[in-house]
Amino acid sequence: MPHYFFHLRNQQDAVIDEEARDVGDADQLPAMALREARFCVSQEALEGRIDFSQSIDVQDGAGIVVHRVVLRDAVEILGASARPARKRD
């Protein structure tokens, strides 16, 4: 069964998935990557800051990125508008 890695990347760094997942049907990869991206968004939301430039890169056993989901594409943001900066005391 083919192995795939789900790495979290931004422009400068990466969190490398060191444990591959066995995926019998490569057609499942987009949905799996989307779930991973949404999980990352949820965890960052708990921290109060989301870096929407990050992506989940799905890499096959040969090291080729076969699918990518950018976090900003993983969620729909409703009612979003620029928030004014907080006043500093």
Using a 3.5 Å cut-off and no angle test, enumerate the donor-acceptor pairs between side-chain atoms of residues 32-39 and protein atoms at least two apart in sequence or in another chain.
{"from": "Glu36", "atom 1": "OE2", "to": "Arg21", "atom 2": "NH1", "distance (Å)": "3.3"}
{"from": "Glu36", "atom 1": "OE2", "to": "Arg21", "atom 2": "NH2", "distance (Å)": "2.8"}
{"from": "Arg38", "atom 1": "NE", "to": "Ala74", "atom 2": "O", "distance (Å)": "2.6"}
{"from": "Arg38", "atom 1": "NH2", "to": "Ala74", "atom 2": "O", "distance (Å)": "3.3"}

Acceptor/donor pairs from residues 24-31 side chains to any protein atom, 3.5 angstrom cut, sequence neighbours excluded:
{"from": "Asp25", "atom 1": "OD1", "to": "Asp27", "atom 2": "N", "distance (Å)": "3.0"}

Could you list the donor-acceptor pairs under 3.5 angstrom formed between side-chain atoms of residues 58-66 and any protein atom two or more places apart in sequence or on another chain?
{"from": "Gln59", "atom 1": "OE1", "to": "His7", "atom 2": "NE2", "distance (Å)": "2.6"}
{"from": "Gln59", "atom 1": "NE2", "to": "Gly63", "atom 2": "O", "distance (Å)": "3.0"}
{"from": "Asp60", "atom 1": "OD1", "to": "Ala62", "atom 2": "N", "distance (Å)": "3.0"}
{"from": "Asp60", "atom 1": "OD1", "to": "Gly63", "atom 2": "N", "distance (Å)": "3.1"}
{"from": "Asp60", "atom 1": "OD1", "to": "Ile64", "atom 2": "N", "distance (Å)": "2.9"}

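For the side-chain contact (heavy atoms from CB on, under 4.5 Å) test, residues two or more places apart in sequence or in another chain that qualify with Phe52 are Val41, Ile50, Leu71, Arg72, Val75, Ile77. Looking at residues two or more places apart in sequence or on another chain, you find a side-chain contact (heavy atoms from CB on, under 4.5 Å) between Asp22 and Met1, His3. Take Asp57 and apply the salt bridge (Lys or Arg N to Asp or Glu O under 4.0 Å) test, not counting sequence neighbours, and it matches Arg9, Arg68. Applying the side-chain contact (heavy atoms from CB on, under 4.5 Å) rule to Asp51 yields the partners Asn10, Glu44, Ser53, Gln54; only residues at least two apart in sequence or on another chain are considered.
Tracing side-chain contacts under 4.5 Å through hydrophobic residues (I, L, V, M, F, W, Y), one never reaches Val69 starting from Tyr4; they form parts of separate clusters.
Other residues, nucleotides and ligands contribute only 12 or fewer heavy atoms inside 6.0 Å of the CD atom of Glu18.
The shortest distance between side-chain heavy atoms of Ser55 and Val70 falls below 4.5 Å.
Residues Asp17 and Glu19 share a closest heavy-atom pair of OD1-O, 2.8 Å.
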